[in-house]
Protein chains: 2
Amino acid sequence: MGITERRIRQKEEVRHRILETAWQIVREEGWQALSIRKIADAIEYSVPVVYDHFENKEAILEDFSRQGFELLVKKLQAAKKKSDDPATQLKHMADAYWQFAMHNREYYQLMYGLGMACCEMQKCAPKEQIFTDLVMEPIQRILDKHGNKEASPCIKYHTYWSVMHGLISIKMVADSGELNKMVLDDAIAGFIKNLEK
Amino acid sequence: MGITERRIRQKEEVRHRILETAWQIVREEGWQALSIRKIADAIEYSVPVVYDHFENKEAILEDFSRQGFELLVKKLQAAKKKSDDPATQLKHMADAYWQFAMHNREYYQLMYGLGMACCEMQKCAPKEQIFTDLVMEPIQRILDKHGNKEASPCIKYHTYWSVMHGLISIKMVADSGELNKMVLDDAIAGFIKNLEK
DNA sequence: CTAATTTTGCTAACAGTGTTAGGTAAAACA
DNA sequence: TGTTTTACCTAACACTGTTAGCAAAATTAG
């Protein structure tokens, strides 16, 4: 009885085309230009069909957000593997984070934009956990190596994260040109030096 | 001939009521709940009257954004005046920035939210200049005092700004509780220490 | 092979949004 | 008093997300 299988496959294909089309619209016109009707037109179906695959518009955005987090985690993991030295790992991850944001602006805007992030971050607790592990571990190693027992690794983790996010988010909204990767490198270098004290 | 004067005053009053009402809606229901029709209903005028005072909705938001920046600059200036020591000034300003963001969430969301900031920051070049002066000067003084000639004050300025913004913006979207003012203090302390090297 | 049932997809609407064209009544001026 | 300006409103346009209800097609059961 391969009939139902075929139907599921067909349904999956429409779902895929919705996401594909939506992504194309976002790339060409930005997030705020994305509408259900535009998607429906592009995939040559009527509007309610879109609602057969996604509960609402937010569900589509959440899907992209999830994709974005998965890609980012992969990039960060790959960056971390490039070295065994914790300080170098933190530098490489900052580099990867910067690259991700610059080459996937649409993802980044969605993931950390005001619209979604508040809802998304809490739902993505496991993903947040990955981030924590990824960053906390090298921080802890540096603190241990230098016998820095006063510093809280949790606070340091948030500091590291904030420095990266702050730089990139400012870069995104007010790309002044002066704000290049040197600033991030400087900030991360300062952060690491402060860990070693 | 005080007639025209009175009419100007009346017109100004309606404009003021529009802003007042809009602000109330934002406080009670958030930015995304603000609509022209709601404003019109609340001030007991028809919709087009709103457009006699503001070219469009964005103009209303820009007005709030301007208010926000003015208030923030005042707070930063006041914080800076509390001390003559440049490091203490940077700390006090970070403190004031944090306080501003926490006690004026609506302003902060608008000023640095994805929607406006891109358009706003460029228009507000003079305001940006104030920020630059406010922060760049103590940074330069610290660098000079410690004979740190390699470091670029421009890069340092952006670093300082990014650390603050990053922390607060993450706090805004994912208020985890762990992310408190201690993190900011830690980050700023590290930043200053790195200036003195 | 026919009849019942599920699935699929559509039209059309609802309740919003920002924005504007066009007309009317009131106020100010000559 | 007549003319012109101003103030204001109704009604619409072109969108948005979302859903109710119906018709046709595909699948399943008898």
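Just so we're on the same page: letters track the sequence lines, and every chain starts at 1.
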Trainee: Hey, can you tell me if A/Phe191 and A/Tyr160 have their rings parallel, tilted or perpendicular (30° and 60° cut-offs)?
Mentor: tilted
Trainee: Can you list everything that forms a salt bridge (Lys or Arg N to Asp or Glu O under 4.0 Å) with B/Asp52? Sequence neighbours excluded, please.
Mentor: none
Trainee: Atom CD1 of A/Ile18 to atom C1' of C/dT8: distance rounded to whole Å?
Mentor: 13 Å
Trainee: Output every pair passing ring pair (Phe, Tyr, Trp, His ring centres under 6.0 Å) with a member in residues 133-156 of chain A, not counting sequence neighbours, ordered by first then second residue.
Mentor: none
Trainee: Round to a whole Å and report the spacing from CD of B/Glu58 to C1' of C/dG18.
Mentor: 12 Å
Trainee: What residues, two or more places apart in sequence or in another chain, satisfy salt bridge (Lys or Arg N to Asp or Glu O under 4.0 Å) together with B/Lys80?
Mentor: B/Glu137
Trainee: Rounding to a whole Å, what distance do you find between A/Ile8:CD1 and D/dT27:C1'?
Mentor: 14 Å
Trainee: Among residues 23-32 of chain A, which contact DNA chain C at a heavy-atom distance under 4.0 Å?
Mentor: none
Trainee: Measure all distances between protein nitrogen or oxygen atoms and nitrogen or oxygen atoms of nucleotides 5-9 of chain D, and list the pairs falling under 3.5 Å.
Mentor:
from: D/dT6; atom 1: O3'; to: B/Arg7; atom 2: NH2; distance (Å): 3.4
from: D/dC8; atom 1: OP1; to: B/Tyr45; atom 2: OH; distance (Å): 3.4
from: D/dC9; atom 1: OP2; to: B/Ser46; atom 2: N; distance (Å): 2.8
from: D/dC9; atom 1: OP2; to: B/Ser46; atom 2: OG; distance (Å): 2.8

Trainee: Tabulate atom names and distances for all N/O pairs under 3.5 angstrom spanning the protein and nucleotides 15-17 of chain D.
Mentor:
from: D/dT16; atom 1: OP1; to: A/Ser35; atom 2: OG; distance (Å): 3.1
from: D/dG17; atom 1: OP1; to: A/Ile36; atom 2: N; distance (Å): 3.3
from: D/dG17; atom 1: OP1; to: A/Lys57; atom 2: NZ; distance (Å): 3.0
from: D/dG17; atom 1: OP2; to: A/Ile36; atom 2: N; distance (Å): 3.0
from: D/dG17; atom 1: N7; to: A/Arg37; atom 2: NH1; distance (Å): 2.7
from: D/dG17; atom 1: O6; to: A/Arg37; atom 2: NH2; distance (Å): 3.0

Trainee: For DNA chain D, just give me the dot-bracket, please: Watson-Crick or G-U, both distances below 3.5 Å, ( ) intra-strand, [ ] crossing earlier pairs, | paired with another strand, . unpaired.
Mentor: .|||||||||||||||||||||||||||||
Trainee: Please set out all donor-acceptor pairs under 3.5 angstrom arising from side-chain atoms of residues 18-28 of chain A, sequence neighbours excluded.
Mentor:
from: A/Thr21; atom 1: OG1; to: A/Arg17; atom 2: O; distance (Å): 2.7
from: A/Gln24; atom 1: NE2; to: A/Glu28; atom 2: OE2; distance (Å): 3.3

Trainee: Return the set of residues passing side chain to side chain contact (heavy atoms under 4.5 Å, CB included) with A/Asp95 (not counting sequence neighbours), or none when no residue passes.
Mentor: A/Gln99, A/Lys181
Trainee: Would you call B/Asp63 and B/Arg66 a salt bridge, taking side-chain N to carboxylate O under 4.0 Å as the test?
Mentor: yes
Trainee: Who are the salt bridge (Lys or Arg N to Asp or Glu O under 4.0 Å) partners of A/Lys11, not counting sequence neighbours?
Mentor: none
Trainee: Is it true that, when you exclude B/Met182 itself, more than 12 heavy atoms of the residues, nucleotides or ligands shown sit nearer than 6.0 Å to its CE?
Mentor: no
Trainee: Does A/Asp41 have any salt bridge (Lys or Arg N to Asp or Glu O under 4.0 Å) partners at least two apart in sequence or in another chain, and if so, which?
Mentor: none
Trainee: Is it true that, when you exclude A/Lys57 itself, more than 12 heavy atoms of the residues, nucleotides or ligands shown sit nearer than 6.0 Å to its NZ?
Mentor: yes
Trainee: May I have the step-by-step check of side chain to side chain donor-acceptor pair (under 3.5 Å) for A/Asp85 and A/Gln89, ending in yes or no?
Mentor: CA-CA 6 Å; A/Asp85 175 53; A/Gln89 284 176 339; over 6 Å; no
Trainee: Restricting to pairs with a member in residues 30-39 of chain B, which pass side-chain hydrogen bond (donor to acceptor under 3.5 Å, both in side chains), not counting sequence neighbours?
Mentor: B/Glu29-B/Lys38
